[in-house]
Trainee: 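Sharing a structure here in structure tokens format.
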Amino acid sequence: MNEKLLEAWLRLSTILSNDRIVSEMPYNEALICNILYRHQMREKETRLTATDLCHRTKILKSQMNRTLQKMEEKNIITRERSSTDRRQVFISLNPKSDSFYIQHRKSLQLINALATKAGPEKSQEAIDLFTYIADMAEEIIESKDRKDE
């Protein structure tokens, strides 16, 4: 059972990170853009920092800084220093950049095709199962990290 689950997980991961799906930008950039996009759609009052993004992605701070620097050079994101705490720098998607939005539409087309093929009931089951697995994985990894400290 474990081998079959691992095989299915790796197969799905390989398909989703394949160049045919995320061809316009590296995976970490696409991940960060998706987080920023979802956050901006839901929580217009709060803004994210690089530290927030590190917590959500589990990307190391040094790698996050390099990735954000590249994204800023490509004009995908903007950074704005906080007016109340000069140490804080807020990250947001650049509304003038099409890079992420083109990639996002492409990803949504794939998801739409999958959802249409699976139907609403199976799609909801997949959402519930993926969420459950992600929550369990996060819990197990955080528990392991606490033990390692």
Side-chain angles (χ1 to χ4, degrees), residues 1-80 89-148:
M1 178 69 77
N2 290 348
E3 288 294 330
K4 288 182 180 181
L5 181 58
L6 179 60
E7 179 184 356
W9 182 301
L10 292 173
R11 183 171 168 233
L12 180 60
S13 298
T14 301
I15 291 167
L16 294 178
S17 65
N18 187 309
D19 282 346
R20 289 174 289 170
I21 295 168
V22 185
S23 58
E24 283 79 26
M25 63 178 56
Y27 177 78
N28 283 348
E29 289 183 16
L31 179 62
I32 291 166
C33 283
N34 187 268
I35 290 168
L36 290 171
Y37 177 76
R38 286 181 296 134
H39 185 79
Q40 287 172 203
M41 293 296 109
R42 283 182 291 166
E43 302 176 40
K44 298 194 185 293
E45 299 301 312
T46 63
R47 305 190 50 206
L48 296 175
T49 64
T51 302
D52 297 326
L53 293 170
C54 287
H55 289 298
R56 291 182 185 210
T57 61
K58 309 299 187 236
I59 294 173
L60 296 174
K61 183 92 169 152
S62 58
Q63 185 178 4
M64 178 63 71
N65 288 333
R66 281 192 306 274
T67 303
L68 292 174
Q69 181 65 36
K70 289 177 186 175
M71 292 173 75
E72 190 173 32
E73 288 168 5
K74 294 177 186 178
N75 209 27
I76 296 171
I77 62 161
T78 59
R79 297 191 213 204
E80 182 183 334
V89 178
F90 299 115
I91 315 294
S92 56
L93 287 173
N94 182 351
K96 297 176 184 175
S97 174
D98 288 338
S99 299
F100 164 71
Y101 299 102
I102 291 168
Q103 180 62 44
H104 189 64
R105 278 193 298 276
K106 185 177 178 183
S107 297
L108 286 178
Q109 287 171 345
L110 171 66
I111 297 301
N112 187 45
L114 290 169
T116 299
K117 190 167 186 158
E121 189 175 307
K122 289 256 189 227
S123 295
Q124 187 59 54
E125 287 175 22
I127 291 167
D128 295 343
L129 183 58
F130 290 157
T131 301
Y132 178 70
I133 290 171
D135 290 346
M136 282 192 319
E138 196 169 59
E139 182 182 309
I140 290 168
I141 290 168
E142 286 175 359
S143 175
K144 180 186 170 291
D145 288 347
R146 281 192 297 273
K147 285 180 185 175
D148 291 345

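Computed from a predicted model, the values in this text were never measured in an experiment.
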Trainee: Return the minimal non-hydrogen interatomic distance between Ile32 and Met64, and the atom names on each side.
Mentor: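 Heavy atoms only, the tightest pair is CD1-SD, 3.5 Å.
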Trainee: How far does CG of Leu5 sit from CG of Leu10, to the nearest 0.5 angstrom?
Mentor: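 Result: 9.5 Å between the selected atoms.
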Trainee: Would Glu125 and Lys122 count as a side chain to side chain contact (heavy atoms under 4.5 Å, CB included) here? Give the steps.
Mentor: CA-CA 5 Å; Glu125 287 175 22; Lys122 289 256 189 227; 4.3 Å; yes
Trainee: Scan Leu53, Ile35, Asp52, Thr49 and name whichever one has a side-chain contact (heavy atoms from CB on, under 4.5 Å) with Ile91.
Mentor: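 For Ile91, the side-chain contact (heavy atoms from CB on, under 4.5 Å) test succeeds with only one of Leu53, Ile35, Asp52, Thr49, which is Leu53.
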Trainee: Please find the pair of heavy atoms, one from Ile76 and one from Cys33, that lie closest to each other, and give the distance.
Mentor: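 Heavy atoms only, the tightest pair is CG2-SG, 3.5 Å.
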Trainee: Taking the side chain as C-beta and beyond, is there a heavy-atom pair between Asn2 and Leu6 under 4.5 Å?
Mentor: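 Contact flag for Asn2/Leu6 side chains = no.
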Trainee: Please determine whether a side-chain nitrogen of the Lys or Arg among Lys70 and Glu29 lies less than 4.0 Å from a carboxylate oxygen of the Asp or Glu.
Mentor: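 Not counted as a salt bridge, because no side-chain N and carboxylate O are separated by less than 4.0 Å.
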Trainee: Which atom names give the shortest non-hydrogen contact between Lys74 and Pro26, and what distance separates them?
Mentor: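 Minimum heavy-atom contact is NZ-CD, 3.9 Å.
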Trainee: Roughly how far apart are Met71 CE and Thr78 OG1, rounded to 0.5 Å?
Mentor: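 Taking CE in Met71 and OG1 in Thr78, the distance rounds to 10.5 Å.
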Trainee: Tell me whether Lys96 at atom NZ has more than 12 heavy atoms from other residues, nucleotides or ligands lying less than 6.0 Å away.
Mentor: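 Incorrect, the count does not exceed 12.
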Trainee: Would you indicate whether Glu73, at its atom CD, is surrounded by more than 12 heavy atoms from other residues, nucleotides or ligands within a distance under 6.0 Å?
Mentor: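 More than 12 within 6.0 Å, yes.
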Trainee: Going by heavy atoms in the side chains, are Thr57 and Asn28 under 4.5 Å from each other?
Mentor: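 The answer is no, as the side chains (C-beta and beyond) never meet within the 4.5 Å cut-off.
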Trainee: I would like to know whether Gln69 and Arg79 meet side chain to side chain contact (heavy atoms under 4.5 Å, CB included); could you show each step before the answer?
Mentor: CA-CA 10 Å; Gln69 181 65 36; Arg79 297 191 213 204; 3.7 Å; yes
Trainee: More than 12 heavy atoms of other residues, nucleotides or ligands under 6.0 Å from CZ of Arg42: yes or no?
Mentor: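 For Arg42, atom CZ is crowded (more than 12 foreign heavy atoms under 6.0 Å).
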Trainee: What's the verdict on side chain to side chain contact (heavy atoms under 4.5 Å, CB included) for Ser92 and Glu80, showing C-alpha distance, side-chain angles and the deciding distance?
Mentor: CA-CA 8 Å; Ser92 56; Glu80 182 183 334; 6.0 Å; no
Trainee: With rounding to the nearest 0.5 Å, note down the distance linking CD in Gln124 to CG in Leu129.
Mentor: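 Nearest 0.5 Å value for the CD-CG distance: 11.5 Å.
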Trainee: Sub-3.5 Å donor-acceptor pair from the side chain of Thr116 to the main-chain atoms of Asn112, do we have one?
Mentor: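 Yes, because the side chain of Thr116 sits within donor-acceptor range (under 3.5 Å) of the backbone of Asn112.
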Trainee: If you compare all heavy atoms of Leu36 against all heavy atoms of Leu48, which two are closest, and at what distance to 0.1 Å?
Mentor: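 Closest approach of Leu36 to Leu48, heavy atoms only: CD2-CD1, 4.0 Å.
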